[in-house]
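Here's the structure we're looking at; comments come further down.
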Number of protein chains: 2
Amino acid sequence: MLKQIASTPNKDGKNTNRITATVGKYLVERLQDVGIKHVFGVPGDYVLDLIDRVVESPMEFVGTCNELNAGYAADGYARLNGIGAVMVTYDVGGFSLFNAVAGACAERVPLVVISGSPHSARRRNRALMHHLATDYRLQFDIFSRITACAVHLTNAAEAPEKIDRALKLCLQQKRPVYIEIPMDIVGQQCSEPTKTSFDLDLTSDQEALREAVEEASEMLKKAKRPAILAGVEIDRFQLREPLSRLMEVCGFPLAVTIDGKTAIPEEHPQFIGIYQGGISRKEVIDVIESADCLLSLGAWFTDVGSGGFTANLDSNRIISAKEDRVRVRHHFYTEVYLRDFIESLIRSLNGKFPLLLQDELSVPKPLEKYTVRPKENITVGRLFERLDHFLSDEMVLVPDTGDALFGAAELRVNEPDSFICQAYYMSIGYALPAALGLSLARPDKRAVVIIGDGAFQMTAQELSTIIRQKVAPIVFLLNNDGYVIERLIHDGPYNEIQQWAYHRLPPVFGECHSVRAQTEDELEAALAEAEAITDRLVFVEVILDRNDCTEALGRITAIYAKMSSSSRK
Amino acid sequence: MLKQIASTPNKDGKNTNRITATVGKYLVERLQDVGIKHVFGVPGDYVLDLIDRVVESPMEFVGTCNELNAGYAADGYARLNGIGAVMVTYDVGGFSLFNAVAGACAERVPLVVISGSPHSARRRNRALMHHLATDYRLQFDIFSRITACAVHLTNAAEAPEKIDRALKLCLQQKRPVYIEIPMDIVGQQCSEPTKTSFDLDLTSDQEALREAVEEASEMLKKAKRPAILAGVEIDRFQLREPLSRLMEVCGFPLAVTIDGKTAIPEEHPQFIGIYQGGISRKEVIDVIESADCLLSLGAWFTDVGSGGFTANLDSNRIISAKEDRVRVRHHFYTEVYLRDFIESLIRSLNGKFPLLLQDELSVPKPLEKYTVRPKENITVGRLFERLDHFLSDEMVLVPDTGDALFGAAELRVNEPDSFICQAYYMSIGYALPAALGLSLARPDKRAVVIIGDGAFQMTAQELSTIIRQKVAPIVFLLNNDGYVIERLIHDGPYNEIQQWAYHRLPPVFGECHSVRAQTEDELEAALAEAEAITDRLVFVEVILDRNDCTEALGRITAIYAKMSSSSRK
């Protein structure tokens with residue numbers, strides 16, 4: 001795969017390299033080359049020269065209230081833009097950002113982390129500069145643990161190669177990278193960008209690929225009840241299109257993991273639902289667990305993704321292809337990349353299946369009619385039932401961790417890029433800043449955030465930047481007076497939180513529409529307003545009973561409560 | 001020094017060790033033994049069993065809105081309580097907390113960081129548990145870089161020794177320590193606490209101590225214009241009392257660094273002011289820079305502390321004693337502890353000086369009379385002038401980084417423990433959560449927070465926990481529409497921030513008193529209310545001109561602006 005980056009042909013058709021005089025300008029050119037239009041961050045003296053270069057460029061610098069939120073926003077941006085960037089000052093900035101980048105690493109999000117740092121001379125004489133926690137290696141060292149590549153620019157001459165290497169690995173591995181630039185290096189001269197594209201190709205070991213595909217094909221052809229399980233990597237490595245062709249060729253039924261929800265449109269006739277171990281719908285369990293050959297593509301066996309490790313799958317029947325390796329039963333093929341494997345499998349299986357399996361599939365049920373029950377208090381079950389009617393293909397659903405996620409997972413999503421969540425890392429509070437980022441990445445889509453009150457309190461101030469940037473998400477704040485997910489797993493007084501007048505908060509930050517809904521007719525009014533008011537934030541505080549939760553959350557927390565209590569013995 | 005910890009004598013006067021059946025209970029007992037009454041944190045499933053143990057104990061668990069804020073609160077608590085503790089869940093919790101702990105490390109604050117983690121069996125088989133960023137070593141490894149001691153409890157038998165070692169080093173080194181406890185270990189049985197005290201004595205190398213004191217005494221006795229510079233370690237290592245005796249014995253004039261502001265009461269006749277390099281008051285520069293022997297005690301030569309490295313000091317005339325070493329001119333004595341050095345110096349100098357130097361000192365000027373100018377807009381200079389009259393010994397001043405700090409540094413503070421700031425690490429937003437912590441540590445003191453709008457936006461939600469905990473700080477929000485400190489160093493559009501209706505924010509979180517003051521008479525009214533309303537948060541939004549700043553900030557930012565622009569060349 002070649003990532004095309006912009007280049008300017010001159011009159012006789014050859015590429016001319018733009019003049020870039022300094023390291024700062026080189027970086028900023030390259031960020032644009034890979035498609036970044038917005039850089040998130042918080043200003044601080046060690047990084048101001050770098051931010052100046054962003055401000056001078058066609059890119060926009062988006063200042064957030066704090067660095068953690070900048071990281072979440074850049075993560076949300078990267079998920080819909082293909083890559084994102086965040087720029088912070090040294091130590092106080094980088095360390096505050098760390099959790100967001102760790103999340104991007106865990107969830108495979110390509111995020112360029114750029115930190116300014118003190119003048120090289122200060123570093124050499126180990127001066128006690130403000131913001132320095134311990135030593136001048138620390139920030140570099142800890143980011144090198146959560147990035148595909150960490151570089152520290154110690155002189156201008158090496159800057160182009162280091163910057164290019166970091167950006168290439170970011171795009172290739174879909175993980176964060178880290179670039180640290182001392183303030184004196186920013187303005188130093190370096191060579192101009194010479195390449196016009198990054199070669200992102202990763203070539204599979206052809207012999208291993210051939211053998212893996214032969215073996216997999218044989219198993220699949222012999223199978224009586226084959227099935228596919230698609231996971232998060234389909235989305236991250238942009239493999240929706242080849243997956244769709246594979247499904248067409250084989251006709252197998254397909255389930256997705258919770259973090260792979262947008263691997264195919266849910267209206268696809270072969271789509272059967274979300275597989276999440278023992279807490280899945282019965283029809284899905286029947287197909288996936290009784291498959292005599294299960295083709296798992298880019299799926300991770302995480303605890304939450306497998307329903308608290310309740311997946312009942314026989315490893316003797318599984319072919320599992322991931323990013324860079326294929327496992328068949330109990331042996332591995334390494335250096336076999338997921339895209340190559342799927343493409344080869346398509347060629348190998350083409351014409352071998354009469355698509356007969358489709359007939360046996362359970363066709364997704366049409367949406368049940370929703371009739372408002374005026375004056376009745378809203379329940380979380382009814383809320384999600386209603387949202388399933390409300391959501392459109394022009395919206396991106398952004399559920400935060402908690403009941404919001406488990407409820408949203410069951411909503412119908414057909415468009416790719418229409419469901420963004422941290423279904424594995426699960427850092428609460430992520431969704432709100434992420435909605436800022438993805439709204440800027442995709443102005444054609446409207447973000448719909450669903451977030452619990454405990455999560456909201458973590459990052460609430462980022463509503464301010466949402467308002468400031470004039471993006472217009474709809475935020476549903478589920479006010480159930482505390483950490484409901486923890487109440488179900490393991491209750492205690494610490495699951496109570498301070499009760500805010502949530503709907504009165506957004507107007508403190510600026511112009512928006514904010515309401516409170518306790519009954520179904522109030523919810524109807526709020527939804528109608530949300531549809532009508534499309535030019536600014538619409539905030540809906542939904543009052544729920546403190547013990548109300550979705551069935552899905554009830555199922556999974558019962559398993560965790562059991563695990564938790566058994567760990568105490 | 002022996003840290004006495006509580007023990008229960010039985011009838012015949014011998015100590016009986018209390019029964020503690022489990023690792024969780026052992027930890028909680030020990031936290032109480034070292035004097036902790038409040039544990040800050042955010043619940044999360046891997047740490048709920050540990051929090052349960054806190055909740056069952058006489059200690060209080062104080063849940064904050066997010067982990068960074070929990071860390072800041074625990075830091076503020078530790079500064080006034082002698083030690084503090086924070087408890088979080090794995091990875092998402094620990095990583096969000098990291099910046100606060102890095103700050104505590106940089107500023108020498110004894111903070112016990114406790115993290116739950118997944119079940120040991122999950123760790124052994126490297127299960128993909130939610131919240132896990134990369135691998136099960138990462139959190140331990142990064143915290144080991146910013147702590148005096150990091151321990152991971154892998155079995156119950158070793159838990160008592162590891163917990164005791166961590167707590168001892170926390171108290172001894174005045175740095176954070178890290179304790180990681182897998183959720184299955186919490187309930188396992190371990191031995192009971194056997195010791196009733198930690199031996200915190202650090203014994204100086206007696207020969208080195210004797211020689212260092214002899215050499216220092218000779219230099220000081222020969223000096224015609226000796227002076228003392230006291231720094232941050234006087235406060236952190238609780239050396240105010242010996243310092244005071246030393247001053248009595250020698251009669252030398254004394255200046256403090258900005259982070260050592262509370263080393264002695266400012267009304268002390270030998271106190272001459274804050275020394276901050278070339279930006280200090282002229283009288284202070286005269287005494288310190290022309291001293292023919294400068295005795296520096298526990299002072300760090302940081303960039304901000306030395307006025308952007310403008311201190312003009314001749315190292316041939318300096319005796320500098322720190323934590324564990326003494327430097328005389330250009331040679332070092334190691335393993336000489338600051339307390340021992342001061343005590344020995346007192347004995348060596350006693351009776352050698354007739355205190356004649358006191359007469360020559362500039363006596364601190366009495367406070368100038370402040371007359372309200374009704375209808376006039378408040379300026380930051382006038383605000384600090386007014387606050388100097390308003391503050392009392394029963395208050396703790398908590399200025400955040402920025403003009404708040406530089407203005408507050410010049411206010412008169414006589415009581416120890418009455419000035420808390422991050423004058424070195426300078427992580428903006430620290431002061432607000434720190435005020436929560438120190439209010440709980442010292443209910444007899446009232447916290448007075450001064451914070452800029454940019455800093456406030458970082459951690460604003462912690463007003464919620466302040467209200468919830470019914471502590472009653474006074475918060476002065478300096479609304480100058482952006483990052484004024486950066487505007488002065490290096491301006492750009494990124495120094496503008498979203499303008500909030502700040503005074504309308506606190507009532508969203510709960511019951512409090514919140515007002516806005518633009519003119520001097522409005523400020524008077526607000527101060528009168530703040531004095532009258534002592535049972536809840538009083539929040540005063542002070543409207544300032546966007547370019548208004550204190551003279552002190554003007555002086556230091558001019559130096560930084562110059563350094564910053566020269567680094568671009």
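In what follows, every heavy atom counts, from backbone to side chain, and hydrogens, waters and symmetry copies are set aside.
A heavy-atom distance below 4.5 Å is not found between the side chains of A/P176 and A/V109.
Looking only at heavy-atom pairs under 4.5 Å with chain B, the residue among A/M426, A/M129, A/Q457 that has the most is A/M129. Counting heavy-atom pairs closer than 4.5 Å to chain B, the top residue among A/I489, A/L132, A/V42, A/L68 is A/L132. For the set A/Q422, A/R145, A/E496, the count of heavy-atom pairs under 4.5 angstrom toward chain B peaks at A/R145. Among B/S464, B/P493, B/A106, the residue making the largest number of heavy-atom pairs under 4.5 Å with chain A is B/S464. Interface check for chain B: of the options A/F61, A/Y483, A/Y502, A/W300, the most heavy-atom pairs under 4.5 Å are formed by A/Y483. Interface remark: of the candidates A/H503, A/E486, A/R504, A/E486 forms the most heavy-atom pairs closer than 4.5 Å to chain B. Listed options B/L97, B/L138, B/V304 were ranked by heavy-atom pairs under 4.5 angstrom with chain A; first place goes to B/L138. With chain A as the partner, the residue from B/T64, B/D141, B/I467, B/D135 showing the most heavy-atom pairs under 4.5 Å is B/D141. Between chain B and the residues A/I485, A/V508, A/N66, A/V62, the most heavy-atom pairs under 4.5 angstrom are made by A/V508.
With A/N69 contributing its side chain and A/P433 its backbone, the two residues share no donor-acceptor pair below 3.5 Å. B/R108 places no side-chain N or O within donor-acceptor distance of the main-chain N or O of B/R175, the cut-off being under 3.5 Å. Judged by distance alone, with hydrogens and angles left aside, the side-chain atoms of A/Y90 form no donor-acceptor pair with the main-chain N or O of A/Q139 at under 3.5 Å. In this structure, B/R123 contributes its side chain and B/Y136 its backbone to a donor-acceptor pair below 3.5 Å.
The two residues A/R468 and A/G63 come nearest to each other via the heavy atoms NH1-O, 4.2 Å. Closest approach of A/T134 to B/C105, counting heavy atoms only: CG2-SG, 3.6 Å. Scanning all heavy atoms of the two residues, the minimum distance from A/L537 to A/P506 falls at CD2-CB, 4.1 Å. The minimum heavy-atom distance between B/A460 and B/L505, with the atom names listed, is CB-CD2, 4.0 Å.
For A/S96, the parts lying under 4.5 angstrom from a heavy atom of chain B are both the backbone and the side chain. Of the two parts of A/F301, only the backbone, made up of N, CA, C and O, holds a non-hydrogen atom closer than 4.5 Å to a non-hydrogen atom of chain B. Heavy atoms closer than 4.5 Å to chain B are found in both the backbone and the side chain of A/D91. Using a 4.5 Å cut-off between heavy atoms, A/E107 does not touch chain B at all. Of the atoms belonging to A/L48, heavy atoms from both backbone and side chain fall under 4.5 Å from chain B. Both the backbone and the side chain of A/A102 come within less than 4.5 Å of a heavy atom in chain B. Within the 4.5 angstrom heavy-atom criterion, no atom of A/V186 approaches chain B. When heavy atoms are compared at a cutoff of 4.5 Å, B/V54 does not approach chain A at all. For A/F456, no part lies under 4.5 angstrom from a heavy atom of chain B. Proximity to chain B (any heavy atom under 4.5 Å) is restricted, for A/T459, to the backbone atoms N, CA, C and O. Using a 4.5 Å cut-off between heavy atoms, A/R137 contacts chain B through both its backbone and its side chain. Of the two parts of A/T401, neither the backbone nor the side chain holds a non-hydrogen atom closer than 4.5 Å to a non-hydrogen atom of chain B.
Using a 3.5 Å distance cut-off with no hydrogens or angles, the side chains of A/E462 and A/T465 do pair a donor with an acceptor. In this model, no donor atom of one side chain and acceptor atom of the other lie less than 3.5 Å apart for B/H490 and B/N495.
Of the options A/H131, A/R122, A/H130, a side chain to side chain donor-acceptor pair (under 3.5 Å) to A/Y46 is made by A/H130 and by none of the others. With respect to B/Y430, the ring-ring contact (aromatic ring centres under 6.0 Å, His included) criterion is satisfied by exactly one of B/Y424, B/Y425, B/Y72: B/Y72.
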